[in-house]
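Input: a single structure, listed below in structure tokens.
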Number of protein chains: 2
Amino acid sequence: MSLISEKTIERLILYRGLLLQANHESESGIYSHQLGRMAGFTPAQVRRDLMQVGYTGSPARGYDIAKLIQSISALVDPAEKREIALAGIGSIGRAILAYFQGRSSLLEITAAFDTDPEKTDRVIHGCRCYPVDRLSEIILARGIRTGILCVPSGAAQSVTDAFVAGGVRGILNYAPTRLIVPPDVYVENRDMIMAVEKVVYFSGPRTGQRKETG
Amino acid sequence: MSLISEKTIERLILYRGLLLQANHESESGIYSHQLGRMAGFTPAQVRRDLMQVGYTGSPARGYDIAKLIQSISALVDPAEKREIALAGIGSIGRAILAYFQGRSSLLEITAAFDTDPEKTDRVIHGCRCYPVDRLSEIILARGIRTGILCVPSGAAQSVTDAFVAGGVRGILNYAPTRLIVPPDVYVENRDMIMAVEKVVYFSGPRTGQRKETG
DNA sequence: TATTTGCTGTGAAAATTTTCACAATGTTAT
DNA sequence: ATAACATTGTGAAAATTTTCACAGCAAATA
Ligand SMILES: NC(=O)c1ccc[n+]([C@@H]2O[C@H](COP(=O)([O-])OP(=O)(O)OC[C@H]3O[C@@H](n4cnc5c(N)ncnc54)[C@H](O)[C@@H]3O)[C@@H](O)[C@H]2O)c1
Ligand SMILES: NC(=O)c1ccc[n+]([C@@H]2O[C@H](COP(=O)([O-])OP(=O)(O)OC[C@H]3O[C@@H](n4cnc5c(N)ncnc54)[C@H](O)[C@@H]3O)[C@@H](O)[C@H]2O)c1
């Protein structure tokens with residue numbers, strides 16, 4: 001078997017999210033076709049993915065929801081709590097702070113950084129804000145391994161370098177810039193313009209449509 | 001050959017973005033390996049993708065940047081200007097409005113919707129805001145085919161239904177909800193929590209890392 | 001108890017995506 | 001001129017991802 005693919009990880013995280021959301025007080029089990037319908041995949045796809053987590057269901061009762069959540073979490077979650085850093089406390093950065101905080105028990109944005117002195121040295125949505133100059137220093141001291149990048153594209157690469165210097169190994173990038181990072185640093189790009197362009201393409205009166213992504 | 005795959009479309013849009021960003025006043029041509037390095041793909045991948053747009057480069061000068069941009073645009077852009085609707089003028093919705101407006105010559109968010117009367121019947125970042133009740137009516141009248149969804153997850157499905165009733169064929173969904181839509185409506189999901197979870201997984205001290213996505 | 005039912009887990013097939021590898025081609029250097 | 005070179009476009013191979021299809025099984029039914 002070896003390594004679990006990125007796509008599979010993405011789907012597993014989705015399954016877990018759906019299972020957590022779904023009010024499964026009425027039912028304690030779920031079948032691959034039910035989960036597949038919720039997620040927008042085939043039952044075979046779901047079973048194939050779940051194979052990888054090592055938890056095995058029963059033909060009669062399907063998958064036990066609680067145990068399945070637990071098994072996916074065991075695979076996908078970090079062993080202990082993880083702190084996350086955010087750079088760029090502008091409109092997007094703030095929206096993310098507001099939205100994210102308190103949403104996960106294991107993950108928390110515990111340090112935010114900006115150049116603007118108006119925004120630093122205070123607490124926003126429960127998150128302490130510092131000047132960017134101290135980014136590497138602070139995340140290194142705290143062992144932060146994950147960063148969210150919300151600075152203007154002109155600053156994106158230099159802040160990335162500071163992230164990397166501070167030991168970050170994964171970056172969620174909202175700037176419309178391709179970041180240059182060492183090969184062992186993972187980057188997930190989330191440019192909104194490109195996403196809109198893609199959706200516009202597929203909303204068009206063209207022949208080529210598919211259904212679900214993301 | 002038939003249809004261009006979703007992945008290829010995504011990469012083409014990325015190539016165009018990179019080409020537009022890059023200050024190519026010094027050079028008028030670009031080679032597949034250069035574009036590949038910028039985008040994070042192999043030269044072969046780039047050539048294979050560019051094959052599909054029908055524009056052909058020269059072995060000696062590579063691809064003419066201006067013409068390449070034009071060819072990708074011809075494939076990917078709508079024939080005329082497209083209006084886009086946005087629902088949910090909260091922190092994310094506003095950030096997107098602020099960011100998106102004026103960024104594209106063909107695409108513009110021209111109608112925003114909210115339940116909160118404080119936010120409606122005014123203009124925010126150049127975009128007129130209306131009460132959600134009028135969503136279907138207004139987008140139908142204007143022929144809007146693309147929607148951006150930024151409402152709380154509890155409202156996501158009902159607003160989606162209004163989008164669909166109003167003729168929307170593509171939705172960019174920022175709510176952490178799986179939308180139910182007719183099969184000919186395209187949905188791109190952009191849940192931030194899932195993205196963070198994925199990045200955290202790949203920032204972990206695990207064996208399995210890859211490099212670039214999004 | 002025996003039979004039917006509808007599911008899981010998975011080997012194998014199919015489909016899709018990516019990479020390889022090389023002939024063709026225009027440019028530059030000699 | 002001619003040779004040397006670097007790159008394109010692409011058929012074919014390789015790799016990856018998804019789907020098929022079915023044995024095996026536990027529960028429900030008769
Ligand atoms: N992907 C998306 O959905 C999306 C949406 C909107 C904006 N964006 C991108 O996110 C980024 C920020 O957008 P915004 O709308 O929040 O802009 P903004 O101007 O509101 O915020 C940018 C913030 O970054 C700070 N900043 C500037 N230089 C910095 C530096 N070197 N270090 C740290 N902080 C710095 C600024 O002080 C400001 O607070 C931009 O790159 C934009 O392209 C992405
Ligand atoms: N994907 C991301 O990056 C990301 C980040 C933050 C938030 N979100 C999601 O986006 C959504 C909005 O988040 P937010 O932080 O902007 O919240 P918010 O509370 O600031 O904004 C929500 C807005 O939606 C409006 N609204 C409520 N019900 C509505 C309805 N039926 N029709 C139209 N408008 C309605 C509210 O009045 C409010 O203005 C949430 O679903 C959240 O989960 C996504």
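The analysis underlying the following values was restricted to heavy atoms, covering all of them including side chains, and did not include hydrogens, waters or symmetry mates.
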Provide, to the nearest angstrom, the distance between the [atom1] atom belonging to [X] and the [atom2] atom belonging to [N].
X	N	atom1	atom2	value
A:Q52	D:dT16	CD	C1'	12 Å
A:I4	D:dT18	CD1	P	14 Å
B:L3	C:dA15	CG	P	16 Å
A:E6	C:dT17	CD	P	16 Å
B:Y31	D:dT8	OH	P	7 Å
B:M51	C:dA24	CE	C1'	15 Å
A:Q34	C:dC7	CD	P	9 Å
A:I30	C:dT8	CD1	C1'	14 Å

Original post:
If only atom types and distance count, is the side chain of A:Q101 paired as donor or acceptor with the main-chain N or O of A:I109 below 3.5 Å?
Top reply: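 Yes, because the side chain of A:Q101 sits within donor-acceptor range (under 3.5 Å) of the backbone of A:I109.
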Subject >> Any donor-acceptor N or O pair under 3.5 Å, side chains A:Y63, A:Q34 >> reply: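 Note: A:Y63 and A:Q34 side chains miss the donor-acceptor criterion.
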**OP:** Sequence neighbours left out, what pairs pass salt bridge (charged side-chain N to carboxylate O under 4.0 Å, His left out) with at least one residue falling in residues 42-52 of chain B?
**Re:**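 Salt bridge (charged side-chain N to carboxylate O under 4.0 Å, His left out) check on residues 42-52 of chain B returns B:R11-B:D49.
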Subject >> Partners passing side-chain hydrogen bond (donor to acceptor under 3.5 Å, both in side chains) against B:E137 (at least two apart in sequence or in another chain) >> reply: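 For B:E137 the side-chain hydrogen bond (donor to acceptor under 3.5 Å, both in side chains) partners, ignoring immediate neighbours, are B:R134.
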Original post:
What nucleotide among D:dG9, C:dT10, D:dT18 has an atom nearest to a side-chain atom of A:K7?
Top reply: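 In terms of side-chain proximity for A:K7, the closest of D:dG9, C:dT10, D:dT18 is D:dT18.
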Tell me which donor-acceptor pairs under 3.5 Å the side chains of residues 155-166 of chain A have, and how far apart each pair is, sequence neighbours excluded?
from, atom 1, to, atom 2, distance (Å)
A:Q157, OE1, A:I180, N, 2.9
A:Q157, NE2, A:D161, OD1, 2.8
A:Q157, NE2, A:I180, O, 3.0
A:S158, OG, A:A155, O, 3.2
A:T160, OG1, A:A156, O, 2.7

Original post:
Base, sugar-phosphate, or nothing: which does A:T8 touch, judged by heavy atoms less than 4.0 Å apart?
Top reply: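 Nothing, no heavy atom under 4.0 Å.
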**OP:** With heavy atoms under 4.0 Å as the rule, sort B:S32 into base, sugar-phosphate or nothing.
**Re:**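 It contacts sugar-phosphate atoms only.
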**OP:** With axes from five pairs an end, tell me the bend angle of the helix from C:dT1-D:dA30 to C:dT30-D:dA1, nearest 10°.
**Re:**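 Comparing the axis at each end, I get an angle of 0°.
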**OP:** Kindly write out the residues that satisfy side chain to side chain contact (heavy atoms under 4.5 Å, CB included) with A:T56, not counting sequence neighbours, or none if the list is empty.
**Re:**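 Expected list: none.
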Original post:
What residues form a side chain to side chain contact (heavy atoms under 4.5 Å, CB included) with A:T115, not counting sequence neighbours?
Top reply: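 With neighbours one apart ignored, the set is A:V132.
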So which protein nitrogen or oxygen atoms get under 3.5 Å of nucleotides 19-21 of chain C's nitrogens or oxygens?
from, atom 1, to, atom 2, distance (Å)
C:dT19, OP2, B:T42, OG1, 2.9
C:dT19, O4, B:R48, NE, 3.3
C:dT19, O4, B:R48, NH2, 3.2
C:dA21, N6, B:R47, NH2, 3.2

**OP:** Using the ring pair (Phe, Tyr, Trp, His ring centres under 6.0 Å) rule, collect all pairs that involve residues 66-115 of chain A, keeping only residues at least two apart or in two chains.
**Re:**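 Checked against ring pair (Phe, Tyr, Trp, His ring centres under 6.0 Å) - neighbours excluded - the pairs reaching residues 66-115 of chain A are A:F113-A:Y130.
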Original post:
So which of residues 60-70 of chain B are in contact with DNA chain C, with a heavy-atom cut-off of under 4.0 Å?
Top reply: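 Output list: B:A60, B:R61.
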Original post:
Hey, mind stepping through A:E10 and B:Y201 against side chain to side chain donor-acceptor pair (under 3.5 Å) and telling me if it holds?
Top reply: CA-CA 10 Å; A:E10 211 166 66; B:Y201 176 82; over 6 Å; no
Got a list of side-chain donor-acceptor pairs under 3.5 Å for residues 64-76 of chain B, not counting sequence neighbours?
from, atom 1, to, atom 2, distance (Å)
B:D64, OD1, B:A66, N, 3.2
B:D64, OD1, B:K67, N, 2.9
B:S71, OG, B:K67, O, 2.8
B:S73, OG, B:R16, NH1, 3.0
B:S73, OG, B:I69, O, 2.8

**OP:** For B:R142, check salt bridge (charged side-chain N to carboxylate O under 4.0 Å, His left out) against everything at least two apart and list the hits.
**Re:**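 Once residues adjacent in sequence are excluded, the partners of B:R142 under the salt bridge (charged side-chain N to carboxylate O under 4.0 Å, His left out) criterion are B:E83.
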Original post:
For A:Y31, what residues pass the ring-ring contact (aromatic ring centres under 6.0 Å, His included) criterion, not counting sequence neighbours?
Top reply: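 So A:Y31 forms a ring-ring contact (aromatic ring centres under 6.0 Å, His included) with A:H33.
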**OP:** With DNA chain D as reference, determine whether A:D49 or A:S58 sits nearer its 5' end, using the nearest nucleotide of each.
**Re:**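 Here A:D49 is the residue nearer the 5' end.
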